[in-house]
Amino acid sequence: MQADRIVTNGRIYTVDPSQPWATALACRAGRLLAVGSDHEVLALAGPDTEHLDAAGRLVLPGLTDSHVHFLQVAQRRQQVDLFGVADFAEIRRLIAAAVRRARPGEWILGWGWDENLWDVVPEAHLLDDLAPQQPVALARMDMHTWWVNSHVLALAGIDAQLSDPPDCKIERYADGRPNGLLREWNALALVERVMPPTSEATVLEWLRAAQRDAHRLGLTCIHDQRVEREGRQSLRLLQTLHRQGELSLRFHVNIAADFLDEASVLGIEPGFGDDHLWLGHVKAFADGTMGSRTAAMLAPFEGELDNSGVTVTSADALWDLANRAAAAGFPLSVHAIGDRAVREVIDVLSERATLDAAAPLPMPHRIEHVQLISAQDLPRLAQHGIVAAMQPVHLQTDWHTADRVWGTRARLAYAFRNLLDQGTILALGSDAPVAPLNPFLGIQAALTRQDSNGQPPEGWYPEQRLTLPETLYGYTMAPALLAGKAGLGGSLTPGKWADFIILDQDIFQLPPAEIGATTVAMTFADGRLVYAS
Ligand SMILES: [Zn+2]
């Protein structure tokens, strides 16, 4: 059989244990026809075969980011980027510049700020003098807290008389006036409902640009988290792109727990869709975040004896959800950051997994983040086949904060090694736009346990480091297993999708601290070139 395309003279790392390394591969009709030696693959070439000489460069399976908020990635590309800005004066300069560019009354949106980097408490008045006429709403890096100006508070009707909606917090001065910080979704929703909508044509253009970014970074698949507020528009517009033949990235799309009943009534099951766009898990939230100190903790945060975090979905409600999901055939994906949230989610999912043992769901249950786990819970994910979906790149920005708010408990924060040694499948990702989408930053962080300045010098709890093959598994085969696509993706194996990337650098030869700067020369999806540098 003649190949459409062959690649020879590569250093191909397949992630397939039956043949970890090869020099050549052949594709036909979007699938891998052969993976092996140049000699074997050249035999499949015919007059119409496109032949690419990889010139000895490293070839990997296309990478998967197993935790992305894709519509928000697309939106954030357009907003004021405050990510990693440690100088508060620079924050004010960036906002002032955006105000100058904006039309009167136009909303100024930004994201990525982290008050842990400043000696200033963000409050509305610090934006009011910059933008007295314009609404300003700035999402914290974890997206669970917004910092808004007085104009926004007025538009949204948030004042001293308004009491907090359930499961959220409007931060206030002692006299009850809101100070401009809004925590968790029900508070943010007060603002979002007064924000002007963006045209669909514009959002489609943003999605196309974000897809190009993903391919430039070596991604060929993502697991889209789709919290409820972005769900409908996101899935509709992805279908529009797909209908127009423009979807080259693969999307495993989660369903917000709020909409489980609707999916169930229609008889929709996980995996519904096709090779580019399919439905995945039912997504729920057990707690908040570490940075906002709303993660649900077994013991209080260091120095805050009355704060053990926030429960977003109680264990009882989660159990009810897991049962309704199982009845509809869906596995769960649950956000859990603090050690109490992680324990409660394992309690529910393990009990559910035991009930499901006779008729397993098409995809395993998953816990998102697992940022802190108690020692006694370490073996329990593997015991029940629960996947840990973790984001190594977060430790670069979080390790200082984790040490401060969790103290010595942080030795089991981002406990990659301990979890892996128990047999836990680790599906890795970025949580973009909470962190940059670039998977090579995450690979570097998993290998070094250091931030972008090389701190701490010996690595943060370096005993938790992963090896490069373990990490690559987390960006390839593990997410494929998690998506029920192990027979189609995750490794360069004949018969699977012809999704692969060619790198400019050989990350097996680089010092780990330099892997984050890796650049992708070419990205192929379905055997087609979708990005070239
Ligand atoms: Zn997320």
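Atoms within each ligand, like the ligands themselves, are counted from 1 in listed order.
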**Student:** Would you mind listing every ring pair (Phe, Tyr, Trp, His ring centres under 6.0 Å) that reaches into residues 196-216, with sequence neighbours excluded?
**Tutor:** none
**Student:** Taking the six-membered ring for Trp and the single ring otherwise, decide whether the centroids of His67 and His394 are under 6.0 Å apart.
**Tutor:** no
**Student:** Look at the rings of Trp406 and Phe301 and say which category their plane angle falls in: under 30° parallel, 30 to 60° tilted, over 60° perpendicular.
**Tutor:** parallel
**Student:** Mind listing the protein N/O/S atoms less than 2.8 Å away from the Zn ion (ligand 1)? Waters don't count.
**Tutor:** His67 NE2, His69 NE2, Asp431 OD1
**Student:** Please confirm whether His365 and His281 have ring centers closer than 6.0 angstrom.
**Tutor:** no
**Student:** Could I get the full list of side-chain contact (heavy atoms from CB on, under 4.5 Å) partners for Asn438, not counting sequence neighbours?
**Tutor:** Leu217, Phe440, Leu441
**Student:** Got a sec, which residues hit side-chain contact (heavy atoms from CB on, under 4.5 Å) with Val194, two or more places apart in sequence or on another chain?
**Tutor:** Trp107, Leu155, Ala156
